[in-house]
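Here the structure is laid out as structure tokens; the discussion comes afterwards.
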Amino acid sequence: MMLWLLLFFPAPIFSALDKTHGVQPAHLSKYIPAPGTPHPSWACLDGSKTIPWHAVNDDYCDCPDGSDEPGTGACPDTQFYCRNEGHIGALIPSSRVRDGLCEKECCDGSDELPGVCKNNCKTIGEEYRAKLAAERKLQKTGSKIRSTYIAFAQKEKKKLEGELQNLEREVIQRKAEVARLKDLADRAESLTEASMEQKRKSPLFQSLLTHHRALKSLQKVHREHLQREKALGDILDNLRSGYNPNYQDMAVLEAVRGWEHFAGLPHINDVKKDDEESQEDDSSPDEELPVEELEEGMWTETQLEHQLDSLLGSDYDSLLLEHDKHTETTTVDSILFDVFSYIPDFLVPQWEAARDAIFSFLSDLGLLKTGSTGKGDETGRARKALNDAEHSLKLTEDEVGKARTDLDRLFSPEWFGREGEWKKLEGLCLTKDTGDYTYEVCLFDEAKQKPNHGGSTFSLGRFAGWNDVAGVEKGSPVYYSKQQYTQGTKCWNGPARSVQLVLACGTENALLSVAELEKCEYQFTGTTPALCLPPDAGARTGHGEL
Amino acid sequence: MRALSSLLLLVAIPAALAVKSHDFKTCSQAGFCRRGRALSARAAAHPQWTSPYSVDADSLSISSDQATFTAGVKSAIYPDIKFGLEVRVHDDGVVRVKMDEVGGLRKRYDEAASWALIAEPKISKDIQWTVGTKDIRAVYGDKKDVEVVVSFEPLTVTLYRNGKEQVVLNGRGLLHLEHFRKKEDAKPEEVTSEEALESEGTQQVLKTPNLHAWFEGEEEDALWEETFSSWTDTKPKGPESLSIDITFPNHGHVYGIPQHASSLDLRTTTGESPYYTDPYRLYNADTFEYLADSTMSLYGSIPVMHAHSADSTVAVFNAVGSETWIDIAHSSVSSTETHWISESGILDVFIMPGPTPKDIFAQYTRLTGTQALPADWSLGYHQCRWNYVSSEDIRAVQKKFDEEDIPVDVFWLDIEYAEEHKYFIWDKKNFPDPVDMTNDVAASSRKMVVIIDPHFKRTSSYPVYQEAVDRGLIVKQKDGQTDYEGWCWSGSSAWVDFFNPAAWDWWKTLFKTYKLGDDKFSWTESTEDVFIWNDMNEPSIFNGPEISMPRDNIHYGGWEHRDLHNINGMLFSNLTSQAITVRGEVPKRPFVLTRAFYAGSQRFGAMWTGDNLGTWEHMAVGIKMVLANSIAGFAFTDVGGFFGNPDPEMLVRWYHVGAFSPFFRAHAHIDTKRREPYLLDEPYKGMVKDILRRRYSMLPIWYTAFREASTTGLPVARPHYVAFPKDEAGFSLDDQYFIGSSGLLVKPVTEKGAKEATVYLPPNELFYDYDSYNLYRSPATGKKITVAAELDQLPLFILGGSILPTRERPRRSSSVMRHDPITLQVALDASSSARGELYLDDGVTFNHQQGQIVWREFSAEKSGKGIKISSRDLTTQHLASAVDSVALTTYDPANAFAQSISSVRVEKIAVLGLGAKPSSVKVVGGKELEWEYSSGVSASGKKEGSSSLLVIKDPAVSVASDWEIVVQA
């Protein structure tokens with residue numbers, strides 16, 4: 001019973017607690033009592049309240065800001081400082097103070113009652129330093145590789161700059177050529193425009209245009225149908241390979257069976273079974289779908305696919321002229337126009353003026369039909385020359401654009417880094433075999449899931465950028481620790497597949513793990529030397545402080 | 001075009017996310033239910049309807065102990081068929097009525113009660129049956145106010161209290177046990193008997209072609225075979241259904257018969273303009289993506305019903321294991337007629353006389369057992385998802401919780417941890433180190449729950465399946481010989497027959513965490529920190545009728561699956577629970593979550609509301625379901641909904657619902673986005689963190705409520721009619737409820753965009769807002785108040801007269817709070833008094849059953865002009881009812897557990913509603929204490945508004961010892 005009486009008041013565990021227990025070094029100077037009667041007093045750190053000095057660290061939360069209990073955890077959402085002598089000091093949340101668990105972060109055990117946790121700081125400190133040393137070594141090796149990447153980028157820069165210069169020169173030349181040809185073509189056309197208008201009114205030509213438009217519409221509709229069929233096929237393929245018995249749904253099973261019959265595919269369960277037994281037997285459709293005979297002269301599917309575009313791209317005006325040429329025999333003009341070829345450029349304007357005069361004259365005499373039929377040859381030729389030149393110019397300009405983009409991206413923080421350290425890795429493909437699938441990411445390009453036992457490969461997304469979230473500075477190591485690949489193949493009943501590639505410093509470019517944390521949202525982890533900053537640079541960014 | 005078509009596809013999906021009603025039967029698609037309803041319709045159409053069943057008074061025999069009588073029962077429509085009746089009265093006044101066919105062609109299933117009952121009930125010792133010419137009756141009860149009367153012709157059983165009819169069996173003449181017959185006998189008989197129906201004397205009767213058509217109908221309806229969708233039920237035993245009407249002539253409200261997504265106060269299904277058209281159905285089924293307002297069957301079935309009025313509460317437990325449909329009608333506002341139609345089994349009805357809800361819970365749990373006292377950590381927050389994909393994933397999730405300082409106790413693994421869904425067998429590609437993973441979780445005093453489903457992949461390389469086959473434990477097809485094969489997660493699967501006693505010990509060995517001597521499988525890749533989730537145990541079978549097992553499958557003892565379908569799932573979780581308890585050297589409290597359940601499941605673990613949808617409707621109906629399930633066990637609903645992606649607003653509200661459910665688990669379907677609390681943006685993340693911390697601060701209140709539930713059966717989530725049984729205005733309330741006997745009243749908000757909420761306060765009480773300490777008074781008529789309910793606010797009130805013990809130090813898990821100090825909130829009532837309880841034990845072992853407990857009462861009462869707050873032991877005065885399962889004989893207040901928490905002190909006392917500023921606050925025998933007072937409304941006055949608040953700083957008194965604190969005016 002005496003024992004029981006003792007239990008009446010729990011032992012005052014914290015009475016002897018140092019008032020600065022748990023106070024972080026920066027605040028130590030603030031934990032000093034102010035003289036007062038009957039007790040010395042102390043002001044809460046936010047100044048909101050003055051309490052007796054003995055109420056500091058007395059295991060009861062007095063201050064609204066919780067500052068009076070740095071060492072007991074009595075005030076929620078405050079922090080406790082472990083000195084961790086022999087290691088590095090650490091702040092832990094008050095929720096972990098006096099909870100009976102020994103924190104790794106608090107290796108001196110000062111967050112718990114005496115006797116609960118051993119002081120492990122010596123061992124933990126040694127381990128930590130060893131780990132740190134190993135990390136620094138890795139970082140050092142990695143950073144050497146990284147510096148070769150940077151050198152590569154410098155070389156790339158020179159190369160690109162050289163290319164760009166050449167290309168820009170070429171553009172200037174091509175532009176001049178285009179200007180010259182355009183001038184010629186314009187003249188030829190202005191000469192014939194009026195007569196062309198007349199010709200275009202021909203019922204045959206109008207009918208041709210109607211056919212053209214109808215064919216073009218048909219092609220558009222056809223393409224949409226093909227796309228829809230492909231999309232539906234994809235959906236059904238996904239359904240077939242990915243349908244979930246959870247839905248316990250005979251309708252889904254019916255759909256899968258129906259598709260397999262239609263597309264001549266074996267039943268998916270049989271495929272899976274076969275895979276387990278032997279992985280050969282590339283099952284092929286049992287029956288070919290009957291092929292309809294084509295009428296004489298009808299286009300095949302391949303022709304439709306490859307030749308329809310060029311047919312639709314015909315220059316009808318040229319055709320019109322050719323048609324005239326075919327039906328009439330007037331060839332009076334040709335010399336006049338052929339003259340073009342023999343006149344030096346500087347004489348062209350004069351020649352044109354003269355020519356126009358001759359034309360009007362001839363027309364007036366009725367010797368030459370206005371709209372001069374056969375001129376088509378010349379106009380068409382001039383225009384073709386112009387088109388070709390313009391096309392070449394565009395190609396060259398595109399190359400310039402690409403070279404400029406490449407050059408811009410080379411040292412852009414949003415692409416290959418301020419030092420261009422990622423350029424070397426562009427298009428480098430890393431893979432990870434997880435048994436059922438091989439996952440691949442080609443850096444700055446595309447991520448894929450390739451089944452190891454047959455089935456279709458899915459795109460998991462294309463490169464969309466780095467770790468561009470609020471609070472992360474562009475170009476910082478944290479920024480480069482994640483790459484996003486988005487807009488991959490859409491999942492059945494889910495989002496478009498995507499990948500977050502989480503990278504860390506390592507001496508090799510490698511993919512370490514693949515996890516589908518949410519449906520169709522993958523997380524890859526990997527290493528790359530591109531993330532290995534030189535150790536001293538690391539210290540600058542706040543790592544490894546001791 | 002492309003964009004449009006994808007859009008259409010997206011729009012089409014939600015429409016597909018709804019239960020396939022056509023996968024599940026309506027009454028009209030079940031032969032016996034059709035027959036039962038037709039019988040009821042014939043009876044209703046006939047003014048002089050009389051039951052053909054009568055007691056053969058000559059055969060009546062009273063047992064030597066006087067409590068039981070037996071008698072033969074005759075059926076006027078089948079004079080050659082014999083029935084036997086047995087009626088007995090238990091020592092607590094429960095009346096058990098049993099009726100079976102005697103000497104029939106076959107045996108009706110009569111084992112349902114044996115699985116549901118915890119023990120053979122004690123027979124009344126002071127009952128005296130009086131046999132009359134028309135009836136046999138007995139009067140009993142402390143005040144001799146209860147009488148049970150069994151009338152002979154026709155057979156009826158009526159329970160009276162104070163001369164008022166409480167429960168009537170067969171009052172409407174719908175009792176019917178379809179006797180076993182031979183198929184060839186089933187031809188219509190050419191007999192016309194005017195004699196048998198003399199009393200009727202109508203033309204219609206004369207036309208009757210056979211003796212029983214007036215009762216059973218002209219047509220044979222699906223007696224011998226029945227097809228639903230593509231499945232044919234062969235019904236080799238023919239018709240054997242059971243029909244009984246149970247009437248509560250003086251009770252206008254009925255509750256219970258879970259599980260349905262419906263209101264707590266059951267609605268009408270028949271009679272004049274019924275609310276539902278189909279009867280409430282009890283047939284355990286995997287009704288995925290179920291409707292939010294329906295009588296459709298869900299995952300569990302408990303055939304118990306409370307009938308309530310301001311005068312009294314009574315209840316019936318109809319111990320039947322087969323599919324059962326229940327029609328409900330109110331012929332007046334103050335009466336209820338029910339009709340129970342079951343596919344097979346004997347009549348075995350327990351009538352519970354009440355007269356209060358508290359008595360009903362005591363009577364029901366004396367029959368089927370109380371809820372087991374759960375491990376304390378299981379009341380913390382459970383984080384689940386289908387699926388955490390790897391050990392690293394689990395570690396990363398734990399790390400995130402810790403980084404955000406958000407408390408969590410349990411991480412769950414759904415089916416994808418198991419290689420090819422072979423439960424127990426880890427998928428080593430993703431979980432290479434299951435024991436290390438569990439130990440990493442356990443290092444922060446947390447646990448894991450891993451799923452074990454009852455379908456076993458049929459592959460000889462799977463030891464669990466192979467051992468079950470070797471031992472002949474697989475459920476058989478209708479031929480009784482061939483192992484049944486069905487389709488589930490694991491593909492082609494088999495089901496162990498847990499009705500077979502040979503399965504019991506074997507199942508327990510599987511969970512041993514060490515290697516067994518005989519080279520048999522045991523779960524060495526688990527630890528004692530791994531607990532179990534039993535899902536899909538309805539059983540769910542993807543290619544079976546109604547996504548379950550064919551009814552003509554054969555179980556141990558030759559019983560058909562139809563006979564015991566609703567009991568089947570309970571046996572699985574029962575055995576798992578036992579296995580977990582005894583797997584280590586020291587028995588520890590199990591934690592097993594089950595989806596299927598039956599009467600008695602409460603003894604084995606928790607249940608939940610199954611695969612709900614992440615919608616506001618499902619959140620709202622989830623509360624009603626938890627209250628309905630609470631009648632018979634502890635239940636919770638998945639936070640956030642299983643299917644779908646709730647928006648942050650819905651999620652925050654759902655966390656409120658979860659934090660005030662007996663169990664608290666967040667779960668998510670594999671197709672959903674991750675939604676762990678730390679993933680939310682502010683301000684939602686902070687709100688959820690606050691909710692979780694509040695749950696943890698209130699764990700002492702929850703645990704104390706669970707002690708009460710485990711000894712009295714009174715539910716932890718307590719409906720208003722149970723807390724205030726005389727308050728008629730609250731009989732249909734099911735959107736607000738109380739937490740145990742603590743006095744906490746909660747009204748979760750389940751409407752989108754809500755800014756305020758209306759809360760009903762029962763008559764003549766006062767309530768304090770938990771957060772603002774605003775005081776409300778309700779007049780004699782009760783009162784509705786409207787309070788602010790912004791997203792970060794939960795309407796939560798303390799009933800005046802309550803003392804709440806909380807722990808206000810946020811921690812990362814519940815187990816590390818065991819030594820944290822207690823804060824008391826003393827909410828005074830109008831007479832300036834209050835009381836509350838606190839129950840503590842080690843939380844994990846069964847040492848509490850040896851008296852290793854601390855069970856305190858805190859009280860506040862007037863003392864002079866001030867008050868006195870004191871703490872005293874409760875165990876010594878209530879030895880027999882202190883803990884579950886056993887009656888203590890002695891109690892040592894200085895037991896080892898009490899000593900281990902002697903340093904746990906009361907760190908703060910907040911007194912609400914004090915009349916005036918005190919002059920002194922002192923521990924009796926101790927020093928003057930520091931305190932702060934802010935003036936406000938006094939509990940003993942007439943005003944409403946901000947209440948006065950006295951905060952006593954650190955009285956430093958132990959929670960484990962007696963003390964008194966005097967607050968002097």
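Worth knowing before you read on, the calculation uses all heavy atoms, side chains too, and leaves out hydrogens, waters and symmetry mates. Chain naming here is simple, since letters A, B, ... match the order of the sequence lines and numbering starts at 1 in each.
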For [X], I'd like to know if atom [atom1] has over 12 heavy atoms of other residues, nucleotides or ligands within 6.0 Å.
X         : atom1 : result
Phe228(B) : CZ    : yes
Lys922(B) : NZ    : no
Lys400(B) : NZ    : no
Lys908(B) : NZ    : no
Glu932(B) : CD    : no

How far apart are the closest heavy atoms of [X] and [Y], and which atoms are they?
X         : Y         : answer
Ala515(A) : Val389(B) : CB-CG2, 4.1 Å
Asp59(A)  : Glu907(B) : O-OE1, 3.9 Å
Gly73(A)  : Arg809(B) : O-CD, 3.8 Å
Lys953(B) : Ala55(A)  : NZ-CB, 3.7 Å

- What part of Glu521(A) is in contact with chain B, defined as an atom under 4.5 angstrom from a non-hydrogen atom: side chain, backbone, both or neither?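 For Glu521(A), side-chain heavy atoms alone lie under 4.5 Å from chain B.
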
- Message: At a 4.5 Å cut-off on heavy atoms, which part of Ser94(A) comes close to chain B: side chain, backbone, both, or neither?
- Response: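 For Ser94(A), backbone heavy atoms alone lie under 4.5 Å from chain B.
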
Checking heavy atoms, do the side chain of [X], its backbone, both or neither come under 4.5 Å from chain A?
X         : value
Asp954(B) : both
Lys673(B) : both
Ser813(B) : neither
Ala668(B) : neither
Arg385(B) : side chain
Glu392(B) : neither
Val951(B) : side chain

- Under 3.5 Å: donor-acceptor pair, side chain of Arg674(B), backbone of Leu517(A):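 Indeed, once roles are kept as given, a pair shorter than 3.5 Å links the two residues.
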
- Test Arg675(B) against Glu518(A) for side chain to side chain contact (heavy atoms under 4.5 Å, CB included), laying out the working first. CA-CA 10 Å; Arg675(B) 52 178 185 235; Glu518(A) 278 169 42; over 6 Å; no

- Test Ile51(A) against Glu930(B) for side chain to side chain contact (heavy atoms under 4.5 Å, CB included), laying out the working first. CA-CA 12 Å; Ile51(A) 60 169; Glu930(B) 287 180 47; over 6 Å; no

Once you round to the nearest 0.5 Å, how far does [atom1] of [X] lie from [atom2] of [Y]?
X         : Y         : atom1 : atom2 : answer
Ser815(B) : Asp99(A)  : OG    : CG    : 11.0 Å
Arg98(A)  : Arg811(B) : CZ    : CZ    : 10.0 Å
Lys429(B) : Asp436(A) : NZ    : CG    : 5.0 Å
Arg693(B) : Ser95(A)  : CZ    : OG    : 6.5 Å
Ser444(B) : Leu101(A) : OG    : CG    : 6.5 Å
Ile92(A)  : Asp402(B) : CD1   : CG    : 11.5 Å

- Query: What pairs with Leu226(A) under side-chain contact (heavy atoms from CB on, under 4.5 Å), at least two apart in sequence or on another chain?
  - Reply: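 Leu226(A): side-chain contact (heavy atoms from CB on, under 4.5 Å) contacts with His222(A).
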
- Chi angles and distances behind the salt bridge (Lys or Arg N to Asp or Glu O under 4.0 Å) call for Asp405(B), Arg96(A): CA-CA 9 Å; Asp405(B) 212 4; Arg96(A) 302 190 182 185; 5.3 Å; no

- Item | Non-hydrogen side-chain atoms of Lys519(A) and Ile670(B) separated by less than 4.5 Å |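 Lys519(A) does not reach Ile670(B) side chain to side chain.
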
